[in-house]
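Following: one structure in structure tokens, then a few remarks.
All figures in this text were calculated on a predicted structure; none of them were measured in a lab.
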Amino acid sequence: MTTSRRLKQIHLAAHFPGVNNTTVWSDPQSGSHIEFESFVRLAKTAERAKFDFFFLAEGLRLREQAGRIYDLDVVGRPDTFSVLAALAAVTEHLGLTGTINSTFNEPYEVARQFASLDHLSGGRAGWNVVTSWDAFTGENFRRGGFLPEDQRYARAKAFLHTAQELFDSWRGGELVADKESGVFVADAAAGEFAHRDAHFDITGRFTVPRAPQGRPVILQAGDSEEGREFAAATADAIFSRHGTLEAGQEFYADVKGRLARYGRARDDLKVLPAATFVLADTDAEARERAADVRRLQVSGQTAIRFAEQLWNRDLSAYDPDGPLPEIDPLPGENTIAQGRASVRMYRDPVGTARQWRELAEARGLSLREVIIEVTGRQTFIGSPATVAERIDHLVQHDASDGFILVPHVTPGGLDEFADTVVPLLQERGVFRTEYSGPTLRDHLGLSTPRPGTLRAPAAS
Amino acid sequence: MAKGDAGMASAPGIHLAVALEGAGWHSAAWREPRARPGDLFTAGYWTDLVTEAERGLLDFVTIEDSLGVRSSHEPGAEFRADRVPGRLDAVLVASRVAPRTDHIGLVPTGIVTHTEPFHLSKAIATLDYVSRGRGGWRAQVARRPADAAHFGRRDPGVLASEDLLAEAGDYIEVVRRLWDSWEDDAEIRDVATGRFIDRDKLHYIDFAGEWFSVKGPSITPRPPQGQPLVTVLAHAAPAYRLAQRSADVVFVTPRDAGDARAIERELRPEGEGGPRVFADLVVFLGDTAAEAARRRDRLDERAGEDYSSDALVFTGTAGELADLVLEWAEAGLSGFRLRPAALPDDLETITRRLVPELQLRGVFRTDYAERSLRERLGLARPTNRYAEV
């Protein structure tokens with residue numbers, strides 16, 4: 001291959017299918033979402049395909065709609081730390097990352113858990129810092145829902161910074177463990193810390209020596225102005241929802257453009273949109289399959305529940321195969337759905353309902369068909385060659401640095417991608433054929449942070 | 001090995017657990033010739049130890065934990081260059097070891113005083129999933145002000161009070177309710193109605209106590225054992241009450257057989273029901289009693305102080321330890337949790353000398369028979385407190 005500039009290397013991650021309607025549990029191939037075998041299967045597929053990392057999301061209260069537990073999607077998840085630690089035993093290279101909330105935890109405990117995970121995995125830990133704050137989730141915690149929404153990023157920043165200080169409280173090399181002289185620790189200050197800000201006032205000694213990666217890889221998912229700034233200041237990778245060329249390029253340029261302000265290089269933050277995929281031998285077959293998958297993802301019952309989230313009222317009397325409701329959404333605070341981030345996307349419910357009706361009218365769509373149309377379509381649809389080309393195109397044209405792939409079937413949903421698309425990406429010379437090092441930082445091309453190089457979080 | 005097979009379907013006779021702590025329970029253990037102090041923070045070290053315990057057919061291992069440095073027995077003790085300076089999170093260590101073992105129970109310590117019962121409940125439930133029914137938890141309070149300062153949220157006054165134990169009782173109650181908050185058959189995958197779960201089989205726990213309230217249900221379905229094994233270490237009456245109310249297994253610290261009998265009667269006045277009682281013993285073992293004593297002296301000399309413990313310290317041969325174990329078992333104890341003074345030496349003497357000795361005497365299993373940890377201890381899989389009969 002002769003190209004004037006070096007091709008960008010693609011980063012890929014495997015997202016364990018989540019508790020939303022993207023995950024098709026009615027598929028005959030669909031296995032357990034909680035038995036360990038399912039996690040092992042996906043992680044081993046990802047490692048066989050030389051993926052950068054495995055990712056597990058978290059939600060700390062079961063979702064509800066109209067005051068009852070939401071029962072149409074997969075329900076139930078494991079504990080993030082326990083599963084990632086167990087997966088470290090059955091994989092050798094794969095990064096092991098998960099979401100851990102910064103509101104319903106304390107920095108000392110989380111820092112200890114991530115530093116432990118990094119040791120136990122030989123340097124493969126990654127932390128997606130999320131900032132949910134709602135009182136609904138807070139009801140499960142002794143600390144309660146104490147945080148006003150406008151403080152969630154302030155606390156998240158303080159939380160992460162405090163955790164980083166704890167990671168850095170060991171600089172590395174303090175453990176001598178010399179049996180003869182009897183000196184185990186060379187430095188009396190090892191692990192000492194004292195942190196005080198508006199959120200945390202803690203002092204003492206951190207009890208986990210410096211981890212293989214120094215600090216775990218930090219992931220961030222916020223798309224708001226504050227979220228982007230937080231990521232630019234502190235994250236190693238940012239998730240996004242911008243999977244198309246134009247939207248992706250805009251997001252990519254925006255967040256990469258923020259890095260210099262924090263003394264960081266463009267490569268210090270990877271942009272990794274979440275993406276779904278449907279493969280088949282030909283593009284036409286893949287499109288057919290994709291339409292089938294969408295119908296499985298949006299059952300009639302699911303369509304009604306989705307419409308209720310916009311309408312903010314009970315629509316159970318409506319027929320999913322009939323027209324959209326003629327009544328308008330209830331204005332004001334959305335009270336029907338809880339424990340879901342997506343409802344906040346509907347900033348103008350009446351306007352959105354009008355758009356949906358126009359769409360239904362123009363194309364003769366039923367309520368269910370409208371929901372299929374307007375809620376998340378698959379990112380990559382096509383033959384392996386088409387999908388490989390598309391992924392490579394998006395990365396080489398700076399719409400992303402790679403993708404977090406979300407299979408729609410657990411646990412085998414990544415197998416086809418691993419077997420057919422990955423070899424094509426490798427042939428193109430844009431995806432690794434062997435891991436270059438043992439740590440997640442190695443896979444992502446990130447340097448190992450030196451202790452004492454933390455910058456104070458910007459005041460907010 | 002017919003002897004002892006009568007009665008319970010579980011293993012004959014005596015239950016044996018080992019308490020894993022850093023390089024061993026003696027503070028100078030890391031300086032022993034076979035110690036691996038440079039590996040204490042690696043997965044391989046812990047996997048090797050638990051694999052050795054499994055080779056010895058032990059019931060379970062416990063893994064010690066604390067939220068601060070415990071470099072000395074004195075409260076507020078300062079930095080010591082000659083002590084192991086920290087540890088990995090015990091629940092993560094247990095989870096990391098689980099896929100590499102097949103039979104042995106895994107019982108990490110989880111501190112209650114500064115942590116969230118919701119998180120701990122799902123962490124132990126998940127340990128039970130990744131170990132396929134071998135998970136447990138040793139609940140422990142944290143009284144040290146230095147640990148509290150790592151969190152900055154507790155009034156130091158509460159740390160010394162009996163409130164801490166009462167709070168631990170509430171904490172265990174919440175953890176147990178959360179394990180039951182999903183009925184076993186809650187997942188239905190009913191394509192006709194589009195429902196993944198029968199939400200009538202998920203339950204709010206609605207716990208409201210003096211120290212916290214928790215709504216539920218858990219985000220994690222009911223674990224394989226239903227209720228993973230809950231254990232506590234108890235030295236005196238207030239903690240005995242907690243153990244009676246909340247634990248499946250209680251570790252106690254008798255000084256002799258008579259003391260063991262008295263403690264067992266206090267904990268299980270009816271003889272039936274109540275927690276299984278295990279005696280804790282720190283063990284310094286050797287081929288001869290003299291060699292065991294020499295090992296202990298050597299360790300004490302290096303530490304610069306005589307070893308002392310809340311539990312009885314046994315120094316002698318595996319045969320002598322077997323004698324003691326049988327004598328105390330006669331007093332009514334279910335089992336023993338041995339704390340090896342130095343690793344791997346005392347662990348290997350347990351698995352390679354003590355266990356064969358007990359097998360010869362017909363009081364210890366010669367193979368693993370049961371699938372779950374509860375089963376091994378003769379504990380039924382509990383019915384769900386929320387299920388309608």
I'd like to know if B/R87 pairs up with B/E21 as an ion pair, taking the criterion as any Lys NZ or Arg NE/NH1/NH2 lying under 4.0 Å from an Asp or Glu carboxylate oxygen.
yes
Just so I understand: if I count every heavy-atom pair under 4.5 Å between each of B/I219, B/I124, B/T220 and chain A, which residue has the most?
B/I219
What part of A/Y70 gets within 4.5 angstrom of chain B, counting heavy atoms only: side chain, backbone, both, or neither?
backbone
Portion of B/H114 that has a non-hydrogen atom of chain A nearer than 4.5 angstrom:
backbone
Where does B/D147 contact chain A at under 4.5 Å (heavy atoms): side chain, backbone, both or neither?
neither
Check ion pair B/E183-B/R222 (N to O, under 4.0 angstrom):
no
With a 4.5 angstrom heavy-atom cut-off, could you sort out which part of B/V174 is near chain A: side chain, backbone, both or neither?
neither
Most contact-rich option vs chain A, by heavy-atom pairs under 4.5 angstrom, among B/T47, B/T193, B/V91, B/V93, is B/T193
Using a strict threshold of under 4.0 Å (side-chain N to carboxylate O), is an ion pair present between B/R195 and A/D73?
no
Is A/E106 in contact with chain B via its backbone, its side chain, both, or neither, using a 4.5 Å heavy-atom distance?
side chain
Pairs of heavy atoms under 4.5 Å with chain B: top-ranked of A/D178, A/L87, A/L166
A/D178
For the student: nearest non-hydrogen atoms of A/A190 and A/V185, plus distance
CB-CG1, 4.0 Å
Test item: side-chain donor near acceptor, B/T113 and B/R143, under 3.5 Å
no
Check ion pair B/R132-A/E37 (N to O, under 4.0 angstrom):
yes
Electrostatic pair A/R142:B/E167 at N-O distance under 4.0 angstrom
yes
Check this for me: A/R196, atom CZ, are more than 12 non-hydrogen atoms of other residues, nucleotides or ligands nearer than 6.0 Å?
no
Does any heavy atom of chain B fall under 4.5 Å from the side chain of A/L175, the backbone, both, or neither of them?
side chain
For chain B, the option from A/V176, A/V74, A/T80 that forms the most heavy-atom pairs under 4.5 Å:
A/V74
I'd like to know if the side chain of A/S30 pairs up with that of A/D27 as donor and acceptor (distance under 3.5 Å, no hydrogens or angles considered).
no
Contact part of B/S131 toward chain A, heavy-atom cut-off under 4.5 Å: side chain, backbone, both or neither?
neither
Contacting moiety of B/A125, where chain A heavy atoms sit under 4.5 Å:
neither
Tell me, side chain or backbone of A/D71 under 4.5 Å from chain B's heavy atoms, or both, or neither?
both
Under a 4.5 Å heavy-atom cutoff, which of A/F184, A/F141, A/F36 has the most pairs with chain B?
A/F184
Indicate whether any N or O donor in one side chain lies under 3.5 Å from an N or O acceptor in the other, for A/H408 and A/T22.
no
Should the pair A/R305-A/E308 be classified as a salt bridge under the 4.0 Å nitrogen-to-oxygen rule?
yes
Looking only at A/V40, A/N105, A/L117, most heavy-atom pairs under 4.5 Å shared with chain B are made by A/N105
All heavy atoms of A/D321 vs all of A/R368, minimum pair found to be OD1-CD, 4.2 Å
Highest number of heavy-atom pairs under 4.5 Å with chain A among B/F212, B/W46, B/F118 belongs to B/F118
Axial cation check for A/F104 ring with A/R143, 6.0 Å and 45° limits:
no
Can you tell me which of A/G191, A/P78, A/S181, A/G122 forms the most heavy-atom pairs within a distance under 4.5 Å of chain B?
A/P78
Given the options A/P212, A/P209, A/G300, A/A186, which has more heavy-atom pairs under 4.5 Å with chain B than any of the others?
A/P209
Mind listing the closest non-hydrogen atom pair of A/T302 and A/Q297 along with its distance?
CG2-O, 3.8 Å
Distance-only polar pair, side chains of B/D39 and B/T42, donor-acceptor under 3.5 Å:
no
Which region of A/Q301, side chain (C-beta onward) or backbone (N, CA, C, O), has a non-hydrogen atom less than 4.5 Å from a non-hydrogen atom of chain B, or is it both or neither?
side chain
Check the side chains of B/D180 and B/H203 for a donor-acceptor pair under 3.5 angstrom, ignoring hydrogens and angles.
no
Does any heavy atom of chain A fall under 4.5 Å from the side chain of B/A123, the backbone, both, or neither of them?
both
Sort B/E32 into side chain, backbone, both or neither according to what part of it lies under 4.5 angstrom from a heavy atom of chain A.
backbone
What part of B/L40 gets closer than 4.5 Å to chain A, counting heavy atoms only: side chain, backbone, both or neither?
side chain
Considering only heavy atoms, which portion of B/Y204 lies under 4.5 Å from any heavy atom of chain A: side chain, backbone, both, or neither?
side chain
Using a cut-off of under 4.5 Å for heavy-atom pairs, which of B/A43, B/P117, B/G38 has the most such pairs with chain A?
B/A43
Can you say whether A/E58 sits under 4.5 Å from chain B via the side chain, the backbone, both, or neither, judging by heavy atoms?
side chain
Is it the side chain or the backbone of B/R302 that comes within 4.5 Å of chain A heavy atoms, both, or neither?
side chain
Select one option (side chain, backbone, both, neither) describing which atoms of B/A35 are under 4.5 Å from chain A's heavy atoms.
both
